[in-house]
Amino acid sequence: MTQSYTTELTIEQYELLSTLLPPETATGRPRTVNMMLVSQGILYVLASGCAWRLMPTEYPAYSTVYYYFRKWRNDGSWKQMHDRLVAWVRVAEDRNASPSVGSVDSQTVATAVMVSDTVGYDAGKKLKGRKRFTLVDTLGLLLMVKVVAANVPEREGAKQLLSDMKQEDDRVPRLTRIWFDGGFSGPDFLHWVMDTCHWIVDVVLRPNGSKGFVLLPKRWTVERTYGWLHWCRRLNVDYERLPASAEAFIHIAMIRLMLRRLA
């Protein structure tokens, strides 16, 4: 590299990431590309928001960088790397590797004009795009994310998110309580969470008579997580053709944040 970008990982951060990268396949040609530069290129696209074709020439060919992004998206490697780092960060913060409490919220973002798959209109936010449902722990670390069309109701999107989380019970065996805001309240939904997922539900309501944004106790961590995601321009507008790519970029954004905490 002849030029340094602020998106790049330090040597220590990449050494930590390299222990999580998927190994070479047993068949086919051996890797000849520098995997550190591939990782740097993906982070550059994430943080700068540029198109793949506009990557700096210091990185490998954009087609090569995109190949690894797509490959690790399809085989779930980004999520696996992310989940390992969540446990490591929690231990580094003197917490149990498995959280006992989580917080659920949603965020609607506009989609680019060329995106047509899984797109809807959020009448409440008056925005056409997609909705991100997230479950985070008390440190604000991501436990699960689900990207759906923006017209999916809050309770329905939360059901999809929590159903995915319930399938990974072995990853969060201590999870027993979930915090929601008033937008998710409703006896049918709350009973579904308790009866199907077997988690205790706490609804944190806004103070009576309050207007505009209010920092809710206990649930402010999930709002901070959305703030972290806004550091990455690629996430401020959803440019991805597939929701799976949007979820992968969210995992990569959190991977970048957690590597900075650990090294």
*Asks:* Quick one: do M36 and L17 satisfy side-chain contact (heavy atoms from CB on, under 4.5 Å)? Show the steps, please.
*Replies:* CA-CA 9 Å; M36 183 173 184; L17 177 64; over 6 Å; no
*Asks:* Are Y14 and L262 connected in the hydrophobic side-chain network, where two residues link if heavy atoms are under 4.5 Å apart?
*Replies:*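 Yes, it is one cluster - the side chains of Y14 and L262 are joined through contacts under 4.5 Å.
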*Asks:* Of the non-hydrogen atoms in L175 and G102, which two are nearest, and what is the gap between them?
*Replies:*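 Where L175 meets G102 most closely, the heavy atoms are CD1-N, 3.7 Å.
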*Asks:* I want to check something: taking the side chain as every heavy atom from C-beta on, are M165 and I178 in contact at a cut-off of under 4.5 Å?
*Replies:*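 Result no, sub-4.5 Å side-chain heavy-atom pair not found.
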*Asks:* Run the side-chain contact (heavy atoms from CB on, under 4.5 Å) check on T196 and K166 step by step: do they pass?
*Replies:* CA-CA 9 Å; T196 304; K166 192 62 180 176; over 6 Å; no
*Asks:* Let me confirm one number: the CG-CG distance from L135 to L141, rounded to the nearest 0.5 Å.
*Replies:*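 Answer rounded to 0.5 Å: 11.5 Å.
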*Asks:* Tell me every residue that passes side-chain contact (heavy atoms from CB on, under 4.5 Å) with R224, counting only those two or more places apart in sequence or in another chain.
*Replies:*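 W220, T221, W228.
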*Asks:* Measuring from atom CD of E24 to atom CZ of R29, what distance do you get when rounded to the nearest 0.5 angstrom?
*Replies:*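 Between E24 CD and R29 CZ, I get 13.0 Å after rounding to 0.5 Å.
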*Asks:* Which atom pairs, donor and acceptor, lie under 3.5 Å between side-chain atoms of residues 64-74 and protein residues at least two apart or in another chain?
*Replies:*
| residue | atom | partner | partner atom | Å |
| --- | --- | --- | --- | --- |
| R73 | NH1 | S245 | OG | 2.6 |
| N74 | ND2 | R70 | O | 3.4 |

*Asks:* What is the minimum heavy-atom distance between V237 and A110, and which atoms define it?
*Replies:*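 Shortest heavy-atom separation between V237 and A110 comes out as CG1-O, 3.4 Å.
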*Asks:* Could you state whether L54 and M114 fall into the same hydrophobic cluster, counting links through intermediate Ile, Leu, Val, Met, Phe, Trp or Tyr residues with side-chain heavy atoms under 4.5 angstrom apart?
*Replies:*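 No, separate clusters.
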*Asks:* Check step by step if side-chain contact (heavy atoms from CB on, under 4.5 Å) holds for D164 and E168.
*Replies:* CA-CA 7 Å; D164 289 350; E168 301 184 18; 6.0 Å; no
*Asks:* A side-chain contact here means heavy atoms from C-beta on lying under 4.5 Å apart; do Y59 and Y5 qualify?
*Replies:*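 When only atoms from C-beta onward are counted, Y5 and Y59 do touch, with a gap below 4.5 Å.
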*Asks:* Just wondering, do T138 and W179 contact through their side chains at under 4.5 Å, heavy atoms?
*Replies:*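 Yes, side chains in contact.
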*Asks:* Can you find a pair of side-chain heavy atoms, one from W192 and one from K159, that are under 4.5 Å apart?
*Replies:*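 A side-chain contact exists here, since the closest heavy-atom pair is under 4.5 Å.
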*Asks:* Please identify each residue that fulfils side-chain contact (heavy atoms from CB on, under 4.5 Å) with K125, with sequence neighbours left out.
*Replies:*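 By the side-chain contact (heavy atoms from CB on, under 4.5 Å) rule, K125 matches T108, D122, L127.
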*Asks:* Just how far is it from atom CD of E93 to atom CG of L139, taken to the nearest 0.5 Å?
*Replies:*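 The distance works out to 6.0 Å.
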*Asks:* What distance separates I255 CD1 from L85 CG, expressed to the nearest 0.5 Å?
*Replies:*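 Rounded to the nearest 0.5 Å, the CD1-CG separation comes to 6.0 Å.
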*Asks:* Going by the rule ring-ring contact (aromatic ring centres under 6.0 Å, His included), which residues pair with F184 if we only count those two or more places apart in sequence or in a different chain?
*Replies:*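 If we apply the ring-ring contact (aromatic ring centres under 6.0 Å, His included) test to F184, skipping adjacent residues, the hits are F180.
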*Asks:* Give a yes or no on this: more than 12 heavy atoms of other residues, nucleotides or ligands lie within 6.0 Å of atom NE2 of H230.
*Replies:*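 Atom NE2 in H230 is packed in, count exceeds 12.
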*Asks:* Hey, mind stepping through V115 and E240 against side-chain contact (heavy atoms from CB on, under 4.5 Å) and telling me if it holds?
*Replies:* CA-CA 7 Å; V115 177; E240 313 313 318; over 6 Å; no
*Asks:* Would you confirm whether R234, through its side chain, and C50, through its main-chain N or O, come within 3.5 Å as a donor-acceptor pair?
*Replies:*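 Looks like yes, one N/O pair under 3.5 Å.
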*Asks:* Write down the atom of V119, the atom of A149, and the distance for their closest heavy-atom approach.
*Replies:*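 Heavy-atom minimum between the residues: C-CB, 3.8 Å.
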*Asks:* Provide the closest heavy-atom pair for R177 versus D202 in the form atom of the first, atom of the second, distance.
*Replies:*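 Between these two residues, the closest heavy atoms are NH1-OD2, 2.8 Å.
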*Asks:* Under a 4.5 Å cut-off applied to non-hydrogen side-chain atoms, are L235 and I250 in contact?
*Replies:*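 Sidechains of I250 and L235: in contact.
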*Asks:* Among residues at least two apart in sequence or on other chains, which ones pass side-chain hydrogen bond (donor to acceptor under 3.5 Å, both in side chains) with E154?
*Replies:*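 side-chain hydrogen bond (donor to acceptor under 3.5 Å, both in side chains) check on E154 returns S106, K131.
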*Asks:* Could you tell me whether the side chain of S18 and the main chain of E15 form a donor-acceptor pair under 3.5 Å?
*Replies:*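 Checking the backbone N and O of E15 against the side chain of S18, a donor-acceptor pair under 3.5 Å is found.
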*Asks:* Taking everything shown except R233 itself, do over 12 heavy atoms lie less than 6.0 Å from its CZ?
*Replies:*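 Atom CZ in R233 is not crowded, with 12 or fewer foreign heavy atoms closer than 6.0 Å.
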*Asks:* Just how far is it from atom NE2 of H251 to atom OG of S77, taken to the nearest 0.5 Å?
*Replies:*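 Output value for this atom pair is 12.0 Å.
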*Asks:* Mind checking the CG-OH spacing from D105 to Y226? Nearest 0.5 Å is all I need.
*Replies:*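 If we round to the nearest 0.5 Å, D105:CG and Y226:OH are 5.0 Å apart.
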*Asks:* Pick from L21, T19, I252: which one makes a side chain to side chain contact (heavy atoms under 4.5 Å, CB included) with M81?
*Replies:*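 Of the listed options, the one satisfying the test is L21.
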*Asks:* Does any non-hydrogen side-chain atom of Q40 lie less than 4.5 Å from one of E58?
*Replies:*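 They are not in contact (no side-chain heavy atoms under 4.5 Å apart), so the answer is no.
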*Asks:* More than 12 heavy atoms of other residues, nucleotides or ligands under 6.0 Å from CZ of R219: is that the case?
*Replies:*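 Counting other residues, nucleotides and ligands, CZ of R219 exceeds 12 neighbours.
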*Asks:* Within a strict 4.5 Å, meaning less than it, do heavy atoms of the E8 and Q13 side chains meet?
*Replies:*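 In short, these two side chains do not touch, never coming nearer than 4.5 Å.
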*Asks:* Find out if a path of hydrophobic residues (ILVMFWY) with successive side-chain heavy-atom gaps under 4.5 Å connects W78 to Y239.
*Replies:*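 Not linked; separate clusters.
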*Asks:* Using every non-hydrogen atom in the two residues, find where L142 and M144 come nearest and quote the distance to one decimal.
*Replies:*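 Distance-wise, the nearest heavy atoms are CD1-O, 3.5 Å.
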*Asks:* Looking only at non-hydrogen atoms, find the nearest pair between G157 and V152 and report the distance.
*Replies:*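 Of all heavy-atom pairs spanning G157 and V152, the closest is N-CG1, 3.6 Å.
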*Asks:* Using the rule that two of Ile, Leu, Val, Met, Phe, Trp, Tyr join whenever any of their side-chain heavy atoms come within less than 4.5 Å, decide whether V91 and L257 are in one cluster.
*Replies:*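 In one cluster with V91: L257, no.
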*Asks:* Do L161 and V109 belong to the same hydrophobic cluster, where Ile, Leu, Val, Met, Phe, Trp and Tyr are linked whenever their side-chain heavy atoms lie under 4.5 Å apart, directly or via other members?
*Replies:*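 No, separate clusters.
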*Asks:* Out of the candidates T111, D238, N151, D117, only one should pair with R130 under the side chain to side chain donor-acceptor pair (under 3.5 Å) rule; please name it.
*Replies:*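 The option that passes is D238.
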*Asks:* Going by the rule side-chain contact (heavy atoms from CB on, under 4.5 Å), which residues pair with R174 if we only count those two or more places apart in sequence or in a different chain?
*Replies:*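 side-chain contact (heavy atoms from CB on, under 4.5 Å) list for R174, sorted by chain: N96, S98, S100.
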*Asks:* Could you tell me if the side chain of R256 sits less than 4.5 Å from the side chain of L259, heavy atoms only?
*Replies:*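 Not in contact.
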*Asks:* Please indicate whether R171 has more than 12 foreign heavy atoms, meaning atoms of other residues, nucleotides or ligands, lying under 6.0 Å from its CZ.
*Replies:*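 Result for CZ/R171: enclosed.
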